[in-house]
2 protein chains.
Amino acid sequence: MTSEDHSMLVQFLKVLADESRLRILGILTSRGASVEELAAALSLKPPTISHHLTRLRELGLVRMRPEGTVHVYEFNVEALQRVNLLLKPEKLAQMANVEGDAWERKVLRDFLNGEEVKEIPASRKKRAVILSWLVEKFDVETRYAEADVNAIIKRHHPDAATLRRELIATHLMERENAVYWRTPQKQNL
Amino acid sequence: MTSEDHSMLVQFLKVLADESRLRILGILTSRGASVEELAAALSLKPPTISHHLTRLRELGLVRMRPEGTVHVYEFNVEALQRVNLLLKPEKLAQMANVEGDAWERKVLRDFLNGEEVKEIPASRKKRAVILSWLVEKFDVETRYAEADVNAIIKRHHPDAATLRRELIATHLMERENAVYWRTPQKQNL
DNA sequence: CTTTCAATTCGATGTATATCTATATTTATA
DNA sequence: TATAAATATAGATATACATCGAATTGAAAG
């Protein structure tokens, strides 16, 4: 549904993003006009105008009323209003959220080999993704000794010391005295 | 000024009329993002994303903030609002009205030879243009006998009878008993 | 200072499409 | 019914541009 809005919006914008068609719409705001009139007004050939009007009509931006052998085209203001409604940040956000964590999945694919961390990413952001994956190996309500933490990490990567420090530094885990625990999750909105 | 708005609007729409760029903006509504993140999210290569961001940035639709070696891009909502303001019927009308009667001038060029009507257009609309030109040859406040009307018309075309009848039929002139006069102009809005 | 990593720039390629001429279709008129 | 006029369609051409791989730039880290 939102992705329908999305491609709908793209199509509208593609049709509107043309100098000739905007000028046509501009003329049609004040009066209906025939193909020949528009051709003269824009200094373009009738087939070109016909082409533009077809594209505008496919999206309902103009309507056609035959009058004898002449076709009078009129502007449909409603359709333009619908475009304006879609062209807002909130709507764009909705449309984009069809997916969002493709990047995280890619990082996991790149740096994991099954349950093994192939390499600790140098980039902070990528490291954060791996650490988020790693912290899932710990229970939320359990309290661990440092040796337990190291043991669990070592199932996935030899450098337990570095990773343990990173988990604390990124606040994914917390420590008091010699006791470690996983930081309770905060809810997503 | 209005034509600057015009080409401005076309450029904005051309930049917005792209699926990838709309998705980028959609993502950036909720959070700033790096080129790599966007590339992963859209399943496109970084150079492609860079290209899109450049185009968006040229129009001020996004802003860039370097953060270490990573470039964080953010959405500039204001710029989008400006597009919405331009994408209204009134604005389109303003932009189009740089000229408007090119068609009428073309018809006159085609069917007149100086003060002589070369041929009476068969098309109703074109005939109307020629008749509007012809009726200007009459004073507004004068009352004419049929012979006078014919004489004036014959300065421009031999078939005075037909043209006289057309002037009446199109209500450009009126007749009562044997007296003719030019219909008073109604004002334009 | 060298290496590394993210971003950008460059060059190439394929696709989309605005515009034109020529032809066909449809409606009105003689 | 045949001709003329206004649109529409078909086919051709040229331009714009989205996308990619390769090379370059610029910043951070060892």
Side-chain angles (χ1 to χ4, degrees), chain A residues 7 10-11 13-24 32-40 42-59 62-73 103 106-107 110-111 119-127 162, chain B residues 10-11 13-24 32-40 42-59 62-73 103 106-107 110-111 119-129 162 166:
Chain A
S7 70
V10 175
Q11 297 194 353
L13 291 175
K14 274 194 191 303
V15 166
L16 288 172
D18 178 272
E19 163 114 26
S20 301
R21 286 193 282 266
L22 282 187
R23 293 178 69 196
I24 288 175
S34 69
V35 173
E36 221 181 10
E37 281 177 275
L38 292 168
L42 304 199
S43 303
L44 292 173
K45 304 297 175 184
T48 303
I49 301 295
S50 215
H51 164 70
H52 288 314
L53 290 170
T54 300
R55 304 215 55 189
L56 289 168
R57 200 165 49 148
E58 282 167 356
L59 296 186
V62 303
R63 288 205 211 85
M64 193 267 274
R65 163 172 53 89
E67 194 168 279
T69 165
V70 113
H71 289 190
V72 177
Y73 280 87
W103 181 72
K106 180 180 190 311
V107 172
D110 288 348
F111 288 88
E119 184 189 0
I120 301 177
S123 140
R124 206 179 327 140
K125 287 199 176 210
K126 291 176 183 174
R127 211 162 48 233
T162 296
Chain B
V10 175
Q11 296 193 354
L13 292 175
K14 273 193 192 305
V15 168
L16 290 172
D18 179 271
E19 162 112 26
S20 300
R21 286 193 282 266
L22 282 188
R23 293 179 68 196
I24 288 175
S34 69
V35 173
E36 220 181 11
E37 280 178 275
L38 292 169
L42 304 199
S43 303
L44 291 174
K45 303 297 173 185
T48 304
I49 301 294
S50 216
H51 164 69
H52 287 314
L53 289 170
T54 300
R55 305 215 54 191
L56 288 168
R57 200 165 49 149
E58 282 167 356
L59 295 186
V62 303
R63 290 205 209 84
M64 193 268 273
R65 164 172 55 89
E67 192 168 282
T69 165
V70 119
H71 289 190
V72 176
Y73 281 89
W103 182 72
K106 181 181 191 311
V107 173
D110 287 349
F111 288 88
E119 183 190 1
I120 302 177
S123 139
R124 207 179 325 145
K125 285 202 176 205
K126 291 176 182 174
R127 211 161 51 230
V129 173
T162 296
E166 290 273 357

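Side chains included, hydrogens not; waters and symmetry mates left out as well; all remaining heavy atoms used. These numbers come from a predicted model, not from an experiment. Naming: A, B, ... by sequence-line order, numbering from 1 per chain.
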Which part of the nucleic acid does B/K125 contact within heavy-atom distance under 4.0 Å: base, sugar-phosphate only, or nothing?
->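 It contacts nothing in the nucleic acid.
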Does A/Y73 put a side-chain nitrogen or oxygen below 4.0 Å from OP1 or OP2 of D/dA6?
-> no
Does D/dA6 have OP1 or OP2 sitting under 4.0 Å from an N or O in the side chain of A/S34?
-> no
Please state how far atom [atom1] in [X] lies from atom [atom2] in [N], giving the value in whole angstrom units.
{"X": "A/R65", "N": "D/dA6", "atom1": "CZ", "atom2": "P", "answer": "17 Å"}
{"X": "B/E36", "N": "C/dT8", "atom1": "CD", "atom2": "P", "answer": "12 Å"}
{"X": "B/E19", "N": "D/dC17", "atom1": "CD", "atom2": "P", "answer": "18 Å"}
{"X": "A/I49", "N": "D/dT9", "atom1": "CD1", "atom2": "P", "answer": "15 Å"}
{"X": "B/L38", "N": "D/dT19", "atom1": "CG", "atom2": "P", "answer": "13 Å"}
{"X": "B/R23", "N": "D/dT19", "atom1": "CZ", "atom2": "P", "answer": "10 Å"}
{"X": "B/L53", "N": "C/dT9", "atom1": "CG", "atom2": "P", "answer": "11 Å"}
{"X": "A/E119", "N": "C/dC5", "atom1": "CD", "atom2": "C1'", "answer": "12 Å"}

Can you find a pair of side-chain heavy atoms, one from A/L42 and one from A/T48, that are under 4.5 Å apart?
->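 A side-chain contact under 4.5 Å is absent here.
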Per the side-chain contact (heavy atoms from CB on, under 4.5 Å) rule, which among A/L38, A/V35, A/D18 passes with A/H52?
-> A/D18
What string of B, S and - do you get for nucleotides 17-30 of chain C, 5' to 3', when a contact is any protein heavy atom under 4.0 Å?
-> -SBBBB----SS--
Between A/I49 and A/I24, the two heavy atoms sitting closest are CD1-CD1, 4.3 Å
Do A/E36 and B/K125 meet the salt-bridge criterion of a basic N to acidic O distance under 4.0 Å?
-> no
From the list C/dA7, D/dA5, D/dA8, which nucleotide is the closest neighbour of the side chain of B/A122?
-> D/dA5
Identify, with sequence neighbours excluded, every residue that meets side-chain hydrogen bond (donor to acceptor under 3.5 Å, both in side chains) alongside A/R124.
->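 Partners of A/R124 by the side-chain hydrogen bond (donor to acceptor under 3.5 Å, both in side chains) criterion come out as none, since no residue qualifies.
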Residues which pass salt bridge (charged side-chain N to carboxylate O under 4.0 Å, His left out) with B/R127, listed by chain and number, not counting sequence neighbours =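 Per chain and number, B/R127 pairs via salt bridge (charged side-chain N to carboxylate O under 4.0 Å, His left out) with B/E166.
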Hey, does the side chain of B/R21 reach the backbone of B/V15 with a donor-acceptor pair shorter than 3.5 angstrom?
-> yes
